[in-house]
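Here is the structure we will look at.
FYI, side chains are in, hydrogens and waters are out, and symmetry mates aren't considered; it's all heavy atoms of this structure.
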Amino acid sequence: MNSPDSAGKRREITPHGVEHSNVTFTVNGKRHELELDNRTTLLDTLREHLQLTGSKKGCDHGQCGACTVFVNGTRINACLTLAVMHEGDEIATVEGLGDVEHLDPMQQAFIDHDGFQCGYCTPGQICSAKAVLEEVRAGLPSHITQDLNTPIELTDAEIRERMSGNLCRCGAYSNILKAITQVAEAHP
């Protein structure tokens, strides 16, 4: 590469290190092999390279939860991790949960309880909501879990604490809570 210096003369610029890597992972059951710039986040890979636009770029700082996806069954903020770090991983996005003909129970519950308004945060909210129920079933405590020696009671406060990393600017929190509660009661 060439670049002009301060005097306008061309000088040679030598890149340092490897700039691209090959990565292979499975997204929503489909294997993908990609060559990516090492700086590409998992979120940008999903949205720009795989055209899976359900996960949203809200804050791009891991503070809003709009980009929540599952990696090997654990929810993460896709904007905070590089795609090349997920070699061989199983990734699931909101698109992998269900489709128009066969909605996931959590997707249906969000519809039933109007758990969205503008809908921008909804994919991340749904992924986190599913993770909340799995975490409780697995006996993983939250910061407010009272008794670590008994099964975790899925109270409104427990759900709110576990969903606190997902923001909704429209304020649909009470409806989201109802949706999660509906699925928890129907699928204990």
Side-chain angles (χ1 to χ4, degrees), residues 21-36 38 40-113 115-116 119-140 142 152 154 158-159 161-168 172 176-177 179-184 186-188:
S21 295
N22 294 320
V23 63
T24 302
F25 43 66
T26 302
V27 180
N28 299 330
K30 183 178 178 189
R31 185 176 175 189
H32 296 275
E33 296 179 24
L34 302 166
E35 181 181 331
L36 299 169
N38 292 335
T40 307
T41 65
L42 180 58
L43 177 61
D44 288 339
T45 299
L46 294 170
R47 293 182 56 79
E48 296 172 16
H49 295 273
L50 301 179
Q51 284 68 53
L52 295 170
T53 58
S55 303
K56 302 297 188 244
K57 187 179 278 198
C59 67
D60 209 22
H61 295 288
Q63 297 174 350
C64 72
C67 65
T68 304
V69 298
F70 299 100
V71 175
N72 299 327
T74 300
R75 66 176 158 161
I76 67 164
N77 290 337
C79 73
L80 292 181
T81 186
L82 300 174
V84 296
M85 296 170 62
H86 296 285
E87 174 66 34
D89 285 348
E90 294 279 336
I91 300 162
T93 67
V94 71
E95 291 95 339
L97 299 181
D99 59 42
V100 177
E101 299 296 321
H102 304 93
L103 292 176
D104 180 85
M106 191 64 73
Q107 291 170 316
Q108 186 62 56
F110 267 66
I111 292 169
D112 294 347
H113 293 283
F116 53 89
Y120 195 81
C121 72
T122 305
Q125 296 277 1
I126 289 172
C127 287
S128 280
K130 287 185 63 65
V132 162
L133 298 184
E134 290 303 315
E135 291 164 6
V136 169
R137 287 183 193 117
L140 300 173
S142 75
I152 298 169
L154 195 63
E158 189 76 42
I159 294 170
E161 170 63 23
R162 290 172 186 268
M163 291 293 293
S164 64
N166 289 80
L167 303 179
C168 173
I176 292 168
L177 181 64
I180 297 169
T181 302
Q182 173 183 307
V183 175
H187 301 84

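In this structure, Arg162 and Ile180 have side chains that are not in contact, with every pair of non-hydrogen atoms separated by 4.5 Å or more. No side-chain heavy atom of Ile176 sits less than 4.5 Å from a side-chain heavy atom of Phe116. Side-chain atoms of Leu133 and Leu154, non-hydrogen and from C-beta on, do get closer than 4.5 Å to each other. Val132 has its side chain within reach of Arg75: a pair of non-hydrogen atoms, C-beta onward, lies under 4.5 Å apart. The side-chain heavy atoms of Met85 and Leu42, taken from C-beta on, include no pair separated by under 4.5 Å.
Taking both residues in full, the closest heavy atoms of Ala78 and Thr41 are given as O-CB, 3.9 Å, listed atom of the first, atom of the second, then distance. Taking each heavy atom of Asn28 and Ala92 in turn, the nearest pair found is OD1-CA, 3.3 Å. A pairwise comparison of heavy atoms in Ala83 and Leu36 identifies CB-CD1, 3.6 Å as the closest pair. Contact between Cys127 and Leu97 at its shortest, heavy atoms only, is SG-CD1, 4.3 Å.
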Query raised in the report: Do Thr181 and His113 pass the side chain to side chain contact (heavy atoms under 4.5 Å, CB included) test, and can you show the C-alpha distance, the side-chain angles, and the key distance before you say yes or no?
Result: CA-CA 10 Å; Thr181 302; His113 293 283; over 6 Å; no
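With hydrogens and angles ignored, the 3.5 Å screen pairs no side-chain donor or acceptor of Glu35 with any backbone N or O of Asn22. The backbone N or O of Ser55 sits less than 3.5 Å from a side-chain atom of Arg47, completing a donor-acceptor pair. Remark: the backbone N or O of Cys168 is not paired with any side-chain donor or acceptor of Tyr120 at under 3.5 angstrom.
Note that SG of Cys121 is 9.0 Å distant from CD1 of Ile126, once rounded to the nearest 0.5 Å. A distance of 10.5 Å separates OG1 in Thr53 from CG in Leu43, rounded to the nearest 0.5 Å. Once rounded to the nearest 0.5 Å, the distance linking CD of Gln107 with CG of Asp112 reads 11.5 Å. Here the straight-line distance linking atom CG of Leu140 with atom CD1 of Ile152 works out to 6.5 Å at 0.5 Å rounding. Between Thr45 atom OG1 and Leu34 atom CG the span is 7.0 Å, to the nearest 0.5 Å. Between atom NE2 of residue His49 and atom CG of residue Asp44 there is a gap of 7.5 Å, rounded to the nearest 0.5 Å.
Looking at residues two or more places apart in sequence or on another chain, you find a salt bridge (charged side-chain N to carboxylate O under 4.0 Å, His left out) between Glu134 and Arg137. Partners of Val27 under the side chain to side chain contact (heavy atoms under 4.5 Å, CB included) rule, at least two apart in sequence or in another chain, are Phe25, His32, Leu46, Leu50, Leu52, Ile91, Thr93.
Partner of Ser142 under the side chain to side chain donor-acceptor pair (under 3.5 Å) criterion, out of Glu135, Glu161, Glu158: Glu158 alone. Paired with Met106 under the rule side-chain contact (heavy atoms from CB on, under 4.5 Å), one option of Gln182, Lys130, His187 passes, and it is Lys130.
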Donor-acceptor pairs under 3.5 Å, side chain of residues 59-73 to any protein atom, not counting sequence neighbours: which ones?
from: Thr68; atom 1: OG1; to: Gly65; atom 2: O; distance (Å): 2.7
from: Asn72; atom 1: OD1; to: Glu90; atom 2: N; distance (Å): 2.9
from: Asn72; atom 1: ND2; to: Asp89; atom 2: OD1; distance (Å): 3.0

